[in-house]
Amino acid sequence: VGLVARAVEAAGIPTLSLSSAWDITYAVRPPRAVFVNFPLNHQLGKPNDPKLQRRILLDALRAFELFWQPGMMLTLPYVWDANDTSWEEQDYGPEAQLYGVGRAVQEGFVEQKLKRA
Amino acid sequence: MPIAYIPRTRERYADYSPYRWALNHSAPWAPLTKPLRDCKLALVSSGGFYLEGQAPPTDADTPCGRIPKDVDLAELRIAHHGYRDNDADHDPNIVLPIEHLHELQAAGVIGEFAEWVLSFPTIYSQDKTCRVIAPHVVEELKAMRTEAALLVPV
């Protein structure tokens, strides 16, 4: 989506990308990016934790107004689990499982779960 | 510490020719000329979200789907070839903060939440992303007179 962000920005619309993959985002270099060190696809936090999600979104929007030059990337200081960093080894690591190939539905989605908190 | 996804990808797909990641040393820039509380903000996601009953956005199909901002989250579906767990199925707000943007509009943090949420699945072709998806997203954003865009990569 970084490439899309660059195209949108080039068309004159300011963008902010909310990433959880630091190295990929830094390589693609979207105009503005906020990084949250959470498992992929969990940029705004944990499911059913609207307070956390809202705080992260508010921080990201504040950063949107703060950035002053292209390519800036801010890391937000949120920690997924202070007592357990094992997700970092599992997420997309050698042991990772592939998911959601093709189609997923909310109810009865029974594919194997990653070993996450 | 951030996870090094590029080396992990290289390791995982060691049997294939290495993926050439997009590498840029500079970025385009459109200054935000007014505070977000006065801006119309659009949400764009590469999470492959679509509505129940719609054709899922796929590589060959529609480059990018439109979801009305007033969608019932229970009607959202995901078509994405990437790996994922089912957290986003249970609470799409973790990657698609629709409920929060409604709240932030009501609270005056953003001026207006744009009427269509745009979503497409991540594809590995940079060429197609730039030639097909990106211009389509730009067109949709311009049609909504979007003044700022929040993009959430998946």
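Numbers restart at 1 for each chain; the letters A, B, ... are given by sequence-line order, proteins then strands. Every heavy atom of this structure was used, including side-chain atoms; hydrogens, water molecules and symmetry mates were not.
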Q: Please tell me if the side chains of A:L40 and B:V154 come closer than 4.5 Å, counting only heavy atoms from C-beta onward.
A: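 A:L40 does not reach B:V154 side chain to side chain.
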Q: Does the side chain of B:P7 come within less than 4.5 Å of A:D23's, by heavy atoms?
A: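 When only atoms from C-beta onward are counted, B:P7 and A:D23 do touch, with a gap below 4.5 Å.
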Q: Using the rule given for side-chain contact (heavy atoms from CB on, under 4.5 Å), can you reason through A:Q43 versus B:V95, listing the C-alpha separation, both sets of side-chain angles and the distance that settles it, and then say yes or no?
A: CA-CA 6 Å; A:Q43 282 94 320; B:V95 276; 3.3 Å; yes
Q: At a 4.5 Å cut-off on heavy atoms, which part of B:V109 comes close to chain A: side chain, backbone, both, or neither?
A: side chain
Q: Counting only non-hydrogen atoms closer than 4.5 Å, does A:I24 touch chain B with its backbone (N, CA, C, O), its side chain (CB onward), both, or neither?
A: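 Both parts, heavy atoms under 4.5 Å.
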Q: May I ask you to check whether over 12 heavy atoms, not counting those of A:Y26, lie within 6.0 Å of atom OH?
A: no
Q: Which atoms form the tightest heavy-atom contact between B:L104 and A:L57, and what is the distance?
A: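 That closest heavy-atom pairing would be CD1-CD2, 3.7 Å.
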Q: Under a 4.5 Å side-chain heavy-atom rule over Ile, Leu, Val, Met, Phe, Trp and Tyr, are A:L3 and B:W21 clustered together?
A: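 In one cluster: yes.
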Q: For residues B:I6 and A:W22: do they belong to one hydrophobic cluster (side chain heavy atoms under 4.5 Å, members Ile, Leu, Val, Met, Phe, Trp, Tyr)?
A: no
Q: Quick one: do A:F35 and A:V79 end up in the same hydrophobic cluster if we chain Ile, Leu, Val, Met, Phe, Trp and Tyr together by side-chain heavy atoms under 4.5 Å apart?
A: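 No.
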Q: Measuring heavy-atom distances to chain B, does A:N48 have an atom under 4.5 Å in its side chain, in its backbone, in both, or in neither?
A: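 Both backbone and side chain.
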Q: Could you grab the distance from atom CG of A:D49 to atom CG of B:N93, nearest 0.5 Å is fine?
A: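 The CG atom of A:D49 sits 11.0 Å away from the CG atom of B:N93.
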Q: So for B:E52, is it side chain, backbone, both, or neither that comes closer than 4.5 Å to the heavy atoms of chain A?
A: neither
Q: In Å and rounded to the nearest 0.5 Å, what is the CG to NE2 distance from B:D91 to A:H42?
A: 9.5 Å
Q: Should we count CD of B:E139 as having more than 12 external heavy atoms under 6.0 Å?
A: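 Not more than 12 within 6.0 Å, no.
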Q: Measuring from A:L61:CG to B:L101:CG, what's the distance to the nearest 0.5 Å?
A: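 If we round to the nearest 0.5 Å, A:L61:CG and B:L101:CG are 7.0 Å apart.
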Q: Mind listing the closest non-hydrogen atom pair of A:F64 and B:A148 along with its distance?
A: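 Looking at all heavy atoms of both residues, the shortest contact is CZ-CB, 3.8 Å.
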Q: Identify which part of A:S20 has an atom lying under 4.5 Å from any heavy atom of chain B, answering side chain, backbone, both or neither.
A: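 Backbone only.
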Q: Among B:E99, B:H100, B:E103, whose side chain to side chain donor-acceptor pair (under 3.5 Å) with A:R54 holds?
A: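 Among the candidates, only B:E103 passes.
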Q: How about B:V137 and A:V8: do any of their side-chain heavy atoms sit closer than 4.5 Å?
A: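 In contact.
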Q: Would a single hydrophobic cluster contain both B:L41 and A:L66, if residues Ile, Leu, Val, Met, Phe, Trp and Tyr are joined by side-chain heavy-atom contacts under 4.5 Å?
A: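 Different clusters: A:L66 never reaches B:L41 through Ile, Leu, Val, Met, Phe, Trp or Tyr contacts under 4.5 Å.
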Q: Using side-chain contact (heavy atoms from CB on, under 4.5 Å), reason through A:V1 and B:T122 one step at a time and then give a plain yes or no.
A: CA-CA 7 Å; A:V1 92; B:T122 307; over 6 Å; no
Q: If two hydrophobic side chains count as joined below 4.5 Å and joins carry through other members, does A:W87 share a cluster with A:L76?
A: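 Yes, one cluster joins them.
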Q: Could you tell me whether the side chain of A:V4 reaches within less than 4.5 Å of the side chain of B:T129, counting heavy atoms only?
A: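 A side-chain contact exists here, since the closest heavy-atom pair is under 4.5 Å.
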Q: Is chain B contacted by the side chain of A:F67, its backbone, both, or neither, given a heavy-atom distance below 4.5 Å?
A: both
Q: So, using side-chain contact (heavy atoms from CB on, under 4.5 Å) as the criterion, who are the partners of B:P18 when residues are at least two apart?
A: none
Q: Among residues 28-38 of chain B, which residues come closer than 4.5 Å to chain A, judged by heavy atom distances?
A: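 Against chain A, the residues of residues 28-38 of chain B that fall inside the cut-off (heavy atoms, under 4.5 Å) are B:P28, B:W29, B:A30, B:P31, B:L32, B:P35, B:L36, B:R37.
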Q: Sort out for me which of B:C130, B:P153, B:A22 touches chain A most, counting heavy-atom pairs under 4.5 Å.
A: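 It is B:P153.
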Q: Below 4.5 Å from any heavy atom of chain B, which atoms of A:P50 appear? Answer side chain, backbone, both or neither.
A: both
Q: If you look at every heavy atom in A:A21 and B:Y5, which pair is closest and at what distance?
A: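 Between these two residues, the closest heavy atoms are CB-CD1, 3.6 Å.
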Q: I need the B:L96 CG to A:N41 CG distance, nearest 0.5 Å.
A: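 It is 11.5 Å, given to the nearest 0.5 Å.
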Q: Does any part of the side chain of A:F38, heavy atoms only, come nearer than 4.5 Å to the side chain of B:I94, both counted from C-beta?
A: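 Not in contact.
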Q: What heavy-atom pair brings A:G71 and B:A27 nearest, and what distance separates the two atoms?
A: N-CB, 3.9 Å
